[in-house]
Amino acid sequence: MKKITALFGCVFLLISSVGLLSSCGSDDDDDTASGVDSRFVGTWVRDESVSGVVEQVYTLVLNSNGSASYSWYRNSKTVGNSGHDSKGTWRYDEATNRIITDCTTSATGSTVILDVVNVTSTILVVKQEGSSKSKTYTRK
C-alpha cells in the first residue's frame, strides 16, 4: 500500500511539474501593443523617383510594439536635397479604418494619419488624411 501511495504521489508531482512549466511560457501577445493590427506591421516604402531627374523615397515603419517612424528624402540636382525623419507611435482604428500616428510629415507638418484603401501582404494603399489621392507603399 505504501508503494502505491508513493507511486501516486510521484505521478502527481510529475504531472504538476509539467503543467507548471508549460504555463510559464511567454505569450505571443506580449510583444503586440494594444491597437496594433499585424497586417500593417513592417517597413513600407513608396518610391516616387524619376530616373535621371530626382530620387524621392518615403518610408513608413510600423512596429508590433506600437512604435513608428516616418521619413522621406529627395535628392535632386535642380531643386537640391532635403528630407525629414519623425519617430513616434501608431495604432490602427478599426472603426474608421485608419492608421493613426503621432509622426509628422515635416518639421512643421501635419501628423501622419492614413485612411486605409487596401492592404495585402505586400501592398499598402492609403490616403493621407484630407487628401483625395491614394498612395501605394510596398512592403520592404
Are Leu60 and Tyr58 side-chain neighbours, meaning at least one heavy-atom pair lies under 4.5 Å?
no
Minimum heavy-atom separation for Trp90 to Ser67, with atom names?
CD1-O, 3.2 Å
Listing, residues 121-134 side-chain donor-acceptor contacts under 3.5 Å, not counting sequence neighbours, or none:
residue	atom	partner	partner atom	Å
Glu129	OE2	Arg98	NH1	3.2
Ser131	OG	Lys133	N	3.2
Ser131	OG	Lys133	O	3.4

Side-chain touch Arg139/Trp44, heavy atoms, less than 4.5 angstrom
yes
Partner set under salt bridge (Lys or Arg N to Asp or Glu O under 4.0 Å) for Arg46, not counting sequence neighbours
Glu48
Heavy-atom nearest pair, Gln56 first then Asp47, reads O-OD1, 3.4 Å
Closest non-hydrogen atom pair, Val57 against Ser49:
CG2-OG, 4.1 Å
When you group the ILVMFWY residues by side-chain heavy-atom contacts below 4.5 Å and let the links chain together, are Ile113 and Tyr137 in the same group?
no
Smallest separation among heavy atoms of Cys103 and Gly88, with atom names
SG-N, 3.7 Å
Give the minimum heavy-atom separation between Thr104 and Ser106, together with the two atoms involved.
OG1-O, 3.1 Å
For the residue pair Ile99 and Leu62, establish whether any side-chain heavy-atom pair is separated by less than 4.5 Å.
yes
For the NZ atom of Lys87 and the OG1 atom of Thr101, what is their distance to the nearest 0.5 Å?
13.0 Å
Just by distance, do the side chain of Asp85 and the backbone of Ser71 share a donor-acceptor pair under 3.5 Å?
no
Separation between OG1 (Thr105) and OH (Tyr70), nearest 0.5 Å, reads 6.5 Å
Which value, rounded to the nearest 0.5 Å, describes the distance between Asp93 atom CG and Asp37 atom CG?
11.5 Å
I'd like to know if Val119 and Val41 are part of one continuous hydrophobic network [Ile/Leu/Val/Met/Phe/Trp/Tyr, side-chain heavy atoms within less than 4.5 Å].
yes
Please tell me whether Tyr92 and Asn97 have a donor and an acceptor in their side chains that are separated by less than 3.5 angstrom.
yes
Over all atoms of both residues, closest heavy-atom pair of Ser76 and Val54
CB-CG2, 3.8 Å
